[in-house]
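Here the structure comes first, spelled out in structure tokens, and everything after it is commentary.
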Amino acid sequence: MERANELNDFFNRFNQPLAPHPRPHHSHPTLSPPDTTITPSSSPTSTQSSPLITTDQVRGQLRKLRPRKAAGPDKVCPGLLKTCAAELGEPLQRIFNLSLQIGRVPTLWKTSRIVPVPKKNRPSELNDFRPVALTSHLMKTLERLFLSLLRPQVQARPGSPAVRLPTSAFNTIQPTLLRDKLSRMGVDPQLMDWISDYLTGRPQYVGLKDIKSDTVVSSTGAPQGTVLAPLLFTLYTSDFCYNSELCHIQKYADDTAIVGCIRDDREEEYLRDW
């Protein structure tokens, strides 16, 4: 237990408690204090006039799940979701749309079980472990559907950066700063509310065989291995780009390379960018 708690605190070391970002008022239902279960209304039209996600889209994503993947903290196996895709499509579609409409993510869905994976054969310190996060497959399904809503908004607007997805993302995303950047890109406020809640108040614990650490809450960064983390990290760092006739920036997660073509020993522009 002591070792698990040490690892959990180490993996959460980047967390910085943030002041709540003012949320704009919307004329839609709100949830009670945290941990309240999201329950769709009995009337299909009472929650929203035009669903953002369709039942067919939900069923399609459920059928793409890999049955052998490990279950998340909610203990819901992907094989079960895939087998019951036809039956679960409609109820999950209503829950997903209500989550997007009110800008809230169920706490259990954004809880991470962290599995420490050694980076070397004989790890001797905390930094020798890489955190692999196991999250809810229901959450992963909603994230994939959310991507289809967010991508057009950050790609199609004038001045928006070209989105190239890195393969991983680190715990450097500050939700408030990300929200400001998304606002400048013209992203729908409803989607920004959902992203802010998705990134903040995320419980996590470390699992070592049968040992479970104490739970800590993180409001910085995004869990490793989630569907949305690469895109959100790319958008968060999108204004760090500089491209000119001779130089351009290539980003790979936390690594950045300035590539320049130097002709006739003219390296002033390259050196200035560096």
Side-chain angles (χ1 to χ4, degrees), residues 1-21 33-36 69-76 103-140 142-143 166-181 194-237 240 251-256:
M1 173 66 77
E2 182 180 358
R3 184 64 167 174
N5 285 331
E6 288 178 354
L7 286 165
N8 201 24
D9 291 337
F10 178 75
F11 294 148
N12 196 45
R13 66 192 183 280
F14 298 108
N15 184 57
Q16 299 177 11
L18 301 175
H21 192 284
D35 296 327
T36 301
K69 289 286 186 179
D74 58 1
K75 307 298 184 184
V76 179
R104 290 287 299 275
V105 179
T107 301
L108 183 57
W109 285 8
K110 57 182 179 179
T111 299
S112 298
R113 180 179 186 267
I114 308 296
V115 179
V117 177
K119 299 178 183 177
K120 54 178 66 175
N121 292 333
R122 295 183 179 180
S124 59
E125 55 185 31
L126 298 176
N127 200 38
D128 291 337
F129 292 90
R130 177 182 293 106
V132 175
L134 299 180
T135 56
S136 168
H137 287 277
L138 288 168
M139 185 70 244
K140 289 181 182 293
L142 177 53
E143 288 179 74
T167 59
S168 60
F170 285 86
N171 294 321
T172 56
I173 300 175
Q174 296 289 343
T176 303
L177 295 178
L178 175 61
R179 184 187 179 97
D180 292 340
K181 295 181 180 183
W194 190 90
I195 291 174
S196 296
D197 193 75
Y198 165 78
L199 291 174
T200 57
R202 295 180 284 103
Q204 70 174 52
Y205 63 89
V206 166
L208 295 175
K209 295 184 178 180
D210 296 332
I211 301 298
K212 177 181 175 180
S213 74
D214 298 331
T215 299
V216 298
V217 178
S218 178
S219 294
T220 300
Q224 180 271 347
T226 56
V227 176
L228 279 177
L231 177 59
L232 294 181
F233 182 84
T234 300
L235 296 175
Y236 184 70
T237 58
F240 299 155
K251 296 186 300 179
Y252 179 86
D254 66 332
D255 297 325
T256 299

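Everything numeric in this text was worked out from a predicted model, so none of it was measured.
To the nearest 0.5 angstrom, Leu108 atom CG is 11.5 Å from Met139 atom CE. To the nearest 0.5 Å, atoms OG1 (Thr215) and CG (Asn8) are separated by 7.5 Å. In this structure, CZ in Arg179 is found 11.0 Å from CG in Leu199, a value given to the nearest 0.5 Å. Between the CG atom in Asn12 and the CZ atom in Arg202 there is a gap of 8.0 Å [rounded to 0.5 Å]. With rounding to the nearest 0.5 angstrom, the CD1 atom of Ile195 is 8.0 Å from the CG atom of Leu231. Here His137 contributes atom NE2 and Leu142 contributes atom CG; the two are 14.5 Å apart, rounded to the nearest 0.5 Å.
With sequence neighbours excluded, the residues forming a side-chain contact (heavy atoms from CB on, under 4.5 Å) with Val132 are Val117, Gln224, listed by chain and number. In this view, Ala71 and Cys77 satisfy the side-chain contact (heavy atoms from CB on, under 4.5 Å) rule, not counting sequence neighbours. Here Leu126 pairs with Arg3, Glu6, Leu7, Phe10 under the side-chain contact (heavy atoms from CB on, under 4.5 Å) rule; sequence neighbours left out.
Residues Leu235 and Lys181 come closest through the heavy atom pair O-CD, 4.2 Å. Between Pro116 and Gly207, the shortest heavy-atom contact is CD-O, 3.8 Å. Glu143 and Thr226 get closest at one heavy-atom pair: OE1-CB, 3.6 Å.
Counting only residues at least two apart or in different chains, ring-ring contact (aromatic ring centres under 6.0 Å, His included) contacts with residues 109-135 comprise Phe96-Trp109. Residue pairs meeting the salt bridge (charged side-chain N to carboxylate O under 4.0 Å, His left out) criterion with at least one partner in residues 212-221, sequence neighbours excluded, are absent. Within the structure, the salt bridge (charged side-chain N to carboxylate O under 4.0 Å, His left out) test picks out the following pairs touching residues 109-120 (sequence neighbours left out): Lys110-Asp197, Lys120-Asp128.
Looking only at distances, a side-chain donor or acceptor of Ser219 sits under 3.5 Å from a matching main-chain atom of Gly201. Between the side chain of Ser112 and the main chain of Ile114, no donor-acceptor pair closer than 3.5 Å is present.
Counting heavy-atom neighbours within 6.0 Å of Glu125 CD, excluding the residue itself, gives a total above 12.
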